[in-house]
Structure formats: structure tokens, C-alpha cells
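Have a look at the structure below before the remarks.
Predicted model, so just to flag it, every value in this text is computed and none were measured. Lettering follows sequence order; numbering is per chain, from 1.
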Amino acid sequence: MQRRHEERRHLMESGVNPYPCTFDVTAYAADVLATFREEEQLPVSVAGRIMTIRKMGKASFFHIQDATGRIQIYLKKDEVGEKAYSTFKLLDIGDIVGVKGYSFRTKTGEISVHAQAFELLSKSLRPIPVAKEKEVDGQKVVYDAFSDKELRYRQRYVDLIVNPEVRQTFIRRSAIVAFIRQFFTSKGWLEVETPILQPIYGGAAARPFTTHHNALDMQLYLRIANELYLKRLIVGGFDGVFEFAKDFRNEGIDRFHNPEFTQVELYVAYKDYNWMMEQVEELLYRTALAVNGCDTVSFLGSEISLKPPFRRLTIADSIREYCGVDIDGKNEQELRSTAKDLGLELDPKIGSGKIIDEIFGEFVEPRLIQPTFITDYPTEMSPLAKEHRSKPGLVERFELIAGGKELCNSFSELNDPVIQRERLEAQAKLRLRGDDEAMIVDEDFLRALEYGMPPCAGLGIGIDRMVMVLCGQESIRDVIFFPHLKPE
RNA sequence: GAGAAUAUAGCUCAGUCGGUAGAGCAACUGCCUUUUAAGCAGUGGGUCGAAGGUUCGAGUCCUUCUAUUCUCACCA
């Protein structure tokens with residue numbers, strides 16, 4: 001670094017601006033390769049970061065990397081002149097340069113740019129970790145890859161420079177979000193924005209982050225979900241609304257959980273959860289085709305097919321199938337002993353719905369690799385979902401499980417304000433008993449429902465997890481640019 | 001919250017039984033006008049995560065701490 005500071009000063013003293021304002025780029029690296037013709041010398045002007053250098057006295061080769069990839073540059077002293085060539089000798093891997101020249105093919109066959117002039121565009125003061133590559137039997141072998149996970153997350157910018165597959169993952173993430181947005185918009189649903197700072201948090205069972213508004217001198221929460229606000233908009237007369245929402249949950253961090261994560265929530269009036277399952281099937285299938293070009297993905301060592309229809313299974317049937325026990329019609333006592341027979345240690349405080357969830361989470365969910373809709377959850381686990389039209393004690397709810405993890409959650413929304421009040425008050429009681437994840441009674445939300453909300457289907461998709469599955473990434477940190485880490 | 005593993009040069013890693021720090025790449029100086037893990041010759045580079053302790057002597061043994069990774073717990 002010391003040396004590079006000196007070089008920077010050196011360049012400035014010799015009249016070279018190490019940080020000029022613009023450079024006229026006419027082609028990306030990929031364009032040069034794509035438009036190359038053996039018989040023609042096409043003039044090009046490319047720019048990018050120097051990634052390799054091979055200096056040979058009075059001529060040099062180097063690769064620059066731009067947004068589309070790498071292109072080799074050939075630089076000859078005769079061609080660019082003495083002064084420019086000695087400037088070039090002061091450049092390092094990591095510097096950003098612009099090159100004007102023409103495309104040609106080298107003796108060893110690589111399409112390259114024969115430089116006629118070049119310009120330093122930005123001097124790099126820190127050495128980047130250079131990984132070298134070699135082709136062995138057609139396989140690319142990478143030497144000394146920048147692989148320390150902590151450093152890669154802390155200095156994602158370096159990770160992106162050096163590890164091209166990281167860049168690809170995030171490009172795909174963007175494509176997934178763009179596709180979902182276009183899919184929803186094309187159906188006539190409205191993209192909206194609702195508060196992130198909320199005086200009362202709700203819509204999920206989770207602990208929030210708390211903050212303080214100085215001028216109002218009041219406590220505010222970072223949202224854990226946007227569900228209750230979107231439903232207010234359905235009350236307000238929008239037929240379909242969705243929001244890509246950063247949500248915040250003050251909980252543990254592991255490879256499936258980041259304290260801030262992205263969900264898209266969608267609410268559509270006059271529809272139910274059965275209809276929503278079809279939407280999810282279509283969405284996942286078409287997203288996979290659009291982004292990956294095929295309807296299967298490889299995730300955690302399994303091939304997952306996203307071709308509809310997905311399997312549908314009630315939670316009771318799934319437990320019957322994977323545990324061989326029947327939970328239908330069982331009371332809390334019986335469920336508890338069933339769980340015990342299966343070898344589950346249970347907190348004596350939890351109720352029957354939670355016991356079922358525990359059994360499911362322990363024995364069923366991890367084994368659901370192919371996309372599967374799990375339906376008809378116990379009412380007490382789902383205070384915002386509508387009672388099942390024919391199965392007492394259950395609600396019209398589904399989760400989509402794939403790769404052993406929940407990807408989506410959806411229900412026919414509860415729109416009876418009286419029952420909704422009862423459910424929230426029951427939550428409030430749980431809260432008083434010490435369940436700090438139980439929901440809070442949101443009087444304004446209840447007031448909205450009292451004006452009348454049409455029948456409505458709601459959906460939440462965990463974008464991070466969906467990206468993980470579609471990109472075959474095993475950690476949520478690999479699909480979030482800047483995952484949360486403790487300070488250095 | 002619990003356990004395990006990891007932490008040594010810019011990067012990737014060695015470092016034996018406790019004896020005073022190593023390699024490859026990167027960097028620096030030469031030479032080299034079609035190279036591609038360029039090559040050849042030479043040079044420099046370290047608070048061994050932090051703080052204590054044991055010892056004549058600690059990268060190595062002990063204690064505490066910090067960070068990361070993995071597993072478990074928690075978590076719609």
C-alpha cells in the first residue's frame with residue numbers, strides 16, 4: 001500500500017491524473033468476443049479492472065474485467081509510445097484502465113484487444129487477492145481463491161471482484177425479483193409501500209427491533225411484517241396489492257435467518273387459499289424457467305422439480321404419512337403423549353397447535369424436499385387466518401415447503417372483525433403469560449376490518465430463501481450482499 | 001444460549017517433541033516485443049486474533065477474551 005501511494009503521487013507528478021472523470025466505452029468484454037471476426041480489425045474502446053498482468057520487456061499482456069467478464073489486452077511499446085509504456089509499467093493489478101484499440105486473435109488463439117492507447121481511470125491503493133486459474137483437461141482449476149468467508153462477507157466488494165459466481169448469484173436474485181414484480185403487475189395488482197417504522201408491530205409472531213422517534217418522543221418498531229397494512233389497503237378498495245418488504249426480526253442468526261430479510265407479500269380480494277396455491281405454482285415454475293432456463297434446481301444435494309402441480313397434503317396427513325400416527329381429533333393430552341412416543345421433548349407450557357407444529361417441524365418438514373403444499377393448520381397457530389369452511393379447529397392456510405424449508409405462507413384472510421378481535425385478545429393473554437412473540441391487539445387494524453374487508457387471499461414469499469433454492473445456495477449469507485456480522 | 005472447529009505475510013496454506021518464522025502466488029529490482037498459473041535471476045515482507053500465565057525459552061502448553069464457520073437450541 002505504501003508503494004501504491006507513492007505510485008499515485010509519482011503519476012500525478014508526471015502529469016497523469018490517476019482519477020479522471022470519464023472514459024468513452026464502446027464495448028464490453030463480452031461484446032468484443034461476440035463481434036469478433038477473423039478477417040476484420042474492429043475498433044473498440046473498453047474499460048475495466050486489471051486482473052492479470054504479464055509483462056515481457058517491451059510488450060505486455062493483461063486482462064481487464066468489466067461488467068460482462070474479462071478480455072485480454074495486448075500492449076506494445078512501438079504502438080503506444082515510450083512515455084505511455086513507462087506509465088503502464090507503474091500500473092498494478094486492481095487498477096482500472098480504459099483501452100482503445102482493435103480486436104484480434106493472438107498466436108495462442110485468444111481473442112484480445114490490440115491496444116493503440118490506454119488511460120488510467122482509477123488507481124487502486126489496496127492489493128486485491130488475485131486468484132490464478134489454469135485449465136487442466138478442460139477443467140478450470142483456481143489457485144489461491146479468495147475463500148475466507150468472513151472476509152468475503154465483510155468486504156463483499158472484493159468478493160464480487162474476485163469471485164465471478166458471486167456476481168452471477170446476485171444478478172439472478174435481481175432477475176427473480178424483477179420477474180415476480182412483472183408477474184404480479186401483469187395481473188393488475190398494485191405495488192405499494194407501507195410503513196417500516198410502526199407504532200404497533202404485527203402480522204407475524206416474532207420479537208421486533210425497537211427504536212425511538214425524538215420529535216414525537218415515542219417508541220417505534222421496525223416492522224416484522226407488513227400484513228396488517230396491506231389488508232387495510234384491501235379494505236380501502238384495492239383489489240390486489242403487493243410489496244417487496246424488508247422485514248426485521250430480533251432473533252438468532254444462522255444460515256437460514258438474517259435479522260433483516262426480504263419478503264414479498266400479496267393480497268388479492270375475492271380469492272381464497274386454493275386459488276393462491278395455483279398462483280404460487282405458476283409463479284415458481286415460470287420464475288425458474290425465466291431465470292434458470294429449466295424447471296429443476298439442485299439444492300443441498302437434491303434435484304428439485306418446480307413443475308406444477310405441487311403435492312398437496314394436510315398437515316395431519318403429512319404427519320400420518322411420515323410418523324405413522326394419527327392426530328385427527330386428538331386433544332392436547334393425547335397429542336402430548338403422541339409426541340412423547342415419537343421421542344420429542346416438549347415444553348409443558350405449549351398448547352396443542354404448537355405441539356402439532358413441533359411434530360411437523362421435527363419429523364416432516366426436513367423430509368419435504370420436492371415442493372409440497374402443507375395445508376389446514378390448527379387455528380391457534382394462525383390468528384390472522386380464516387376458519388376452515390368445513391374442518392372445525394383448522395384454518396384455511398398453506399405453507400409451501402421445498403428443500404426442507406418453508407418458502408411461502410398463505411391463507412384465506414380472516415375478515416370477520418369479531419372473531420379477529422377474539423383471536424388477538426387471546427394472543428394478548430398469551431403475551432401476559434410471558435409469550436413475547438404473541439401478537440398485540442391493533443385497534444386500528446380491527447377498526448379497518450369493522451368497515452368490512454372483502455374475502456381475500458394473502459401470501460408471503462421469503463425472497464431470500466426462494467433465491468437460495470433457485471440459485472442452489474446453502475446459506476442465506478450467500479444471497480444477501482451484506483449479511484449481518486458483528487463489528488470488526 | 002450450548003458445543004465443536006478455525007484464527008500464522010496482501011491471498012491460499014505449512015510449521016514435527018516447546019528452541020526464536022516457512023512455501024506458492026502477490027509485491028520490489030533486473031532481463032525479456034504473441035503471453036496466459038508467462039519465464040529466468042535476485043530482493044523485501046510477520047504484534048503468529050487479543051490479554052494474561054507456565055517456562056531459561058511459547059506460533060506450539062494453560063487460562064480468559066474476541067471474531068468467524070458448522071451443529072444444536074431459538075425462530076411461522
Taking only the side-chain nitrogens and oxygens of [X], find out if one of them lies under 4.0 Å from OP1 or OP2 of [N].
{"X": "Lys149(A)", "N": "rU68(B)", "value": "no"}
{"X": "Arg255(A)", "N": "rU68(B)", "value": "no"}
{"X": "Arg3(A)", "N": "rC28(B)", "value": "yes"}

Rounded interatomic separation in angstrom, taking [atom1] from [X] and [atom2] from [N]:
{"X": "Asp254(A)", "N": "rG1(B)", "atom1": "CG", "atom2": "C1'", "value": "13 Å"}
{"X": "Phe146(A)", "N": "rG10(B)", "atom1": "CZ", "atom2": "P", "value": "13 Å"}
{"X": "Glu150(A)", "N": "rU66(B)", "atom1": "CD", "atom2": "P", "value": "15 Å"}
{"X": "Ile253(A)", "N": "rA67(B)", "atom1": "CD1", "atom2": "P", "value": "12 Å"}
{"X": "Arg54(A)", "N": "rC40(B)", "atom1": "CZ", "atom2": "P", "value": "15 Å"}
{"X": "His63(A)", "N": "rA37(B)", "atom1": "NE2", "atom2": "C1'", "value": "12 Å"}
{"X": "Ile128(A)", "N": "rU12(B)", "atom1": "CD1", "atom2": "P", "value": "13 Å"}
{"X": "Asp148(A)", "N": "rC25(B)", "atom1": "CG", "atom2": "C1'", "value": "17 Å"}

N-O pairing of Glu243(A) and Arg223(A) below 4.0 Å: yes

Check ion pair Glu321(A)-Arg311(A) (N to O, under 4.0 angstrom): yes

Sub-4.5 Å side-chain heavy-atom contact between Ile50(A) and His63(A): no

Minimum side-chain heavy-atom gap Leu335(A)-Ile356(A) below 4.5 Å: yes

Heavy-atom donor-acceptor pair, Ser147(A) side-chain to rU12(B) base, under 3.5 Å: no

Polar side-chain contact Gln72(A)-rU35(B) base: donor and acceptor under 3.5 Å: yes

Cation-aromatic face contact Arg156(A)/Phe481(A), 6.0 Å, 45 degrees: no

Complementary nucleotide of [N], counting Watson-Crick and G-U pairs under 3.5 Å:
{"N": "rG45(B)", "result": "none"}
{"N": "rG1(B)", "result": "rC72(B)"}
{"N": "rC13(B)", "result": "rG22(B)"}
{"N": "rG59(B)", "result": "none"}

Pairwise C1' distance, rG22(B) and rG45(B) [rounded to whole Å]: 13 Å

Classify [X] by what it touches in the nucleic acid, base, sugar-phosphate, or nothing, heavy-atom distance under 4.0 Å.
{"X": "Gln263(A)", "result": "nothing"}
{"X": "Met439(A)", "result": "base"}
{"X": "Arg477(A)", "result": "sugar-phosphate"}

